[in-house]
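Input: a single structure, listed below in structure tokens.
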There are 2 protein chains.
Amino acid sequence: MEKVTIATVARRAGVSRQTVSNVLNTPDVVREETRERVREAIAELGYRVNQAARQMRTGRSRLIAVRIEPANDGINGSVLDRFLHGLTDAAGLAGYRVMLYTAAGDDDEIATYEELLSAYDLDAFVLTSTHHGDPRTSWLAGRDIPFVTFGRPWGAPDTHSWVDVDNASGTTAATERLLATGHRRIGFLGWPAGSGVGDARREGWARALGAAHLLGSSAGVEDGVDTGAAAARGLLAAEPDTTALVCASDSLALGALEAAREMGRDCAVIGFDDTAVARAIGLTSVSQPLAEAAGRCMDLLRELLDGRAPSAPTHVLLPPSLVLRQTA
Amino acid sequence: MEKVTIATVARRAGVSRQTVSNVLNTPDVVREETRERVREAIAELGYRVNQAARQMRTGRSRLIAVRIEPANDGINGSVLDRFLHGLTDAAGLAGYRVMLYTAAGDDDEIATYEELLSAYDLDAFVLTSTHHGDPRTSWLAGRDIPFVTFGRPWGAPDTHSWVDVDNASGTTAATERLLATGHRRIGFLGWPAGSGVGDARREGWARALGAAHLLGSSAGVEDGVDTGAAAARGLLAAEPDTTALVCASDSLALGALEAAREMGRDCAVIGFDDTAVARAIGLTSVSQPLAEAAGRCMDLLRELLDGRAPSAPTHVLLPPSLVLRQTA
DNA sequence: TTGTAGGCGTTATCAA
DNA sequence: TTGATAACGCCTACAA
């Protein structure tokens with residue numbers, strides 16, 4: 001298979017290279033008849049624009065970079081995986097490709113930005129795992145590099161576009177489900193105060209209980225099955241009439257189930273993230289719409305990249321959904 | 001920040017552009033003193049070669065493509081995730097970058113190859129999830145496109161390089177562990193015969209038992225927690241003296257644990273893949289060395305890409321390891 | 001050992 | 001509406 005360039009197409013269609021380029025990039029400037037002839041030639045020859053050459057002229061690569069993190073030590077690791085798949089799909093539909101990189105910490109990641117930008121002319125970045133005092137966003141913003149975060153900028157000003165999942169509404173839905181099935185004493189098993197996500201999840205539970213004029217106790221521990229089990233034991237022992245637990249993660253929920261079983265307590269449990277573990281053991285869990293989140297990230301990116309960016313940054317908050325299984 | 005090109009560096013170092021290029025690509029041809037001067041200029045200016053320009057000249061992109069699959073409906077989905085992370089790391093070290101794509105089936109994937117090759121000049125592909133009658137390898141091989149598979153070519157001739165994990169040795173190790181801890185009646189819970197991976201895992205168990213002059217029963221069912229539980233119930237009921245079960249997956253193992261608990265049987269269980277679920281519930285499991293597999297894939301790719309490919313394709317078979325937890 | 005010339009495939013500019 | 005020309009940054013061939 002010979003290399004088919006714009007010149008091959010031009011020859012076949014009997015026009016100049018420039019006309020072919022116009023058909024590709026500004027079709028409306030070419031006479032209809034010519035346009036058709038060129039399109040036929042393109043189809044017959046199976047021509048595809050060469051990104052490298054285009055990139056050299058335009059300075060744009062149609063490449064988007066995302067960091068792939070080490071599969072978290074645990075149970076919640078597949079979240080990024082699913083997001084990545086969705087992003088790759090959405091990017092492909094928009095004519096972009098996703099490039100992966102790894103980084104050991106924020107500074108290393110910023111060094112990687114420099115490398116990717118100067119070597120590959122990356123068009124944009126999608127950041128995940130945003131956190132308090134995140135230096136990455138200000139670095140990118142300071143250089144006017146298009147980016148979107150999946151996760152809101154905790155504690156920082158909302159100066160860029162982001163997509164996030166409404167954590168509070170997830171635990172609210174979980175709590176309401178438990179209320180609807182007759183539970184009246186519903187505890188919350190979460191993380192220590194201070195993490196944006198964790199606080200939001202606790203808040204959602206508290207709000208739903210408040211709306212029903214009920215009270216509930218909560219515990220905050222580091223994420224993990226064992227820590228969850230220990231905390232649940234404490235909670236259940238202190239509150240003999242607690243019949244349900246809303247948890248900030250599937251790990252904690254798994255621990256809670258263990259504790260309840262050991263104690264011979266009948267206790268409904270709802271986790272968060274709908275991980276493989278939840279699916280495997282039949283744990284009812286709050287599921288994040290990851291494919292949609294990825295799609296929205298791509299939408300925002302396209303706005304940025306096509307120059308038709310809105311004057312103000314856009315923020316998208318997606319509602320999670322409750323996946324009912326055996327535990328609640 | 002101005003754009004720094006090879007010309008900027010040349011000016012700064014007081015040499016020609018060609019000399020800079022030589023320092024980059026064939027350093028040994030440049031006098032030491034000149035080389036140093038150029039290197040200093042490069043460092044001072046923060047120069048980085050522009051991949052697009054290089055690619056236009058050389059036809060090589062330093063890009064490697066991998067398909068990201070939808071997070072499997074189950075418990076074993078994180079395997080690809082960890083492999084991807086390892087591959088991204090290894091590629092980065094070797095000066096390559098990983099590009100992602102999705103595909104709905106083999107034919108769609110082949111269409112994507114064409115697109116990626118002609119548009120982005122991809123240097124190589126890493127294929128995962130090889131299977132019987134896989135059309136992808138022959139397509140790539142027929143066009144002399146460098147590729148490596150993670151997973152051997154089941155049922156097809158070994159005409160390309162691949163990396164795989166020695167499944168049989170994994171279940172052998174699991175079985176030997178059980179033998180060493182005193183178990184004498186050890187069953188196997190696997191998949192229906194016919195899948196290369198599943199057959200190998202069963203074979204490893206049978207081999208270890210044979211070496212100890214023991215016998216054991218096995219069952220073959222579709223992967224899943226419920227199917228595993230049902231099969232384990234059958235196995236344990238039929239063989240009252242069975243005290244341990246080696247399983248072809250963590251899903252099956254989870255089912256086996258459930259069954260044993262229900263039946264009040266004390267039964268050691270070992271799973272396969274060391275998934276998040278295994279870590280979460282303390283399941284002893286056979287772990288695939290995914291980071292190493294990724295590194296070896298990259299090594300093979302480099303051989304192919306550097307033209308120093310061995311005359312015959314290379315095959316790498318890596319031993320998995322047993323991760324001991326509470327269940328065995 | 002170093003420098004000069006040309007071209008990779010595309011698009012922007014400008015002229016026809 | 002179409003076409004000629006130059007330029008993006010780099011590398012290979014060849015000349016000095």
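Just so you know, these numbers use all the heavy atoms, side chains as well, and skip hydrogens, waters and symmetry mates. Lettering of chains follows the sequences in order, A, B, ..., and the numbering in each one begins at 1.
- Annotation: ring pair (Phe, Tyr, Trp, His ring centres under 6.0 Å) contacts of B:Tyr113 (sequence neighbours excluded): B:Phe125, B:Trp139.
- Shown here are the side chain to side chain contact (heavy atoms under 4.5 Å, CB included) partners of A:Ala90, two or more places apart in sequence or in another chain: A:Met298.
- The side chain to side chain donor-acceptor pair (under 3.5 Å) contacts involving residues 287-298 of chain A comprise A:Asp273-A:Gln288, where partners must be two or more places apart or lie in separate chains.
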Item to complete: Sugar-phosphate atoms are those with a prime plus P, OP1 and OP2; base atoms are the rest. Using that split, label each nucleotide of nucleotides 8-16 of chain D B, S or - for protein heavy atoms under 4.0 Å, 5' to 3'.
Response: BBBBBB---
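- Of the possible polar contacts, none joining the B:Asp106 side chain to the B:Pro135 backbone as a donor-acceptor pair under 3.5 Å is found.
- Near DNA chain D, defined here as any heavy-atom distance below 4.0 Å, the residues from residues 33-45 of chain A are A:Thr34, listed numerically.
- Legend: salt bridge (Lys or Arg N to Asp or Glu O under 4.0 Å) pairs involving residues 13-29 of chain A, not counting sequence neighbours: none detected.
- With a heavy-atom cut-off of 4.0 Å to chain A, the contacted part of DNA chain C has its first and last nucleotide at C:dG9 to C:dT13.
- Contacts of A:Asp121 classified as salt bridge (Lys or Arg N to Asp or Glu O under 4.0 Å), with partners at least two apart in sequence or in another chain: none.
- Taking each heavy atom of A:Ser118 and B:Arg48 in turn, the nearest pair found is OG-CD, 2.9 Å.
- For the side chain to side chain contact (heavy atoms under 4.5 Å, CB included) test, residues two or more places apart in sequence or in another chain that qualify with B:Thr128 are B:Glu69, B:Leu80, B:Phe83, B:Phe150.
- For residues 145-161 of chain A, the set of pairs meeting the salt bridge (Lys or Arg N to Asp or Glu O under 4.0 Å) definition, not counting sequence neighbours, comprises A:Arg152-A:Asp164.
- For the side chain to side chain contact (heavy atoms under 4.5 Å, CB included) test, residues two or more places apart in sequence or in another chain that qualify with B:Ala141 are B:Phe147.
- Here the rule is side chain to side chain contact (heavy atoms under 4.5 Å, CB included) with A:Leu100, and of B:Leu87, B:Val66, B:Thr88, B:Ile64 only B:Thr88 fits it.
- At its two ends the helix from C:dT1-D:dA16 to C:dA16-D:dT1 runs along axes set 40° apart, each axis drawn from five pairs and the angle rounded to 10°.
- With 3.5 Å as the limit, one finds a donor-acceptor pair spanning the side chains of B:Asn25 and B:Ser21.
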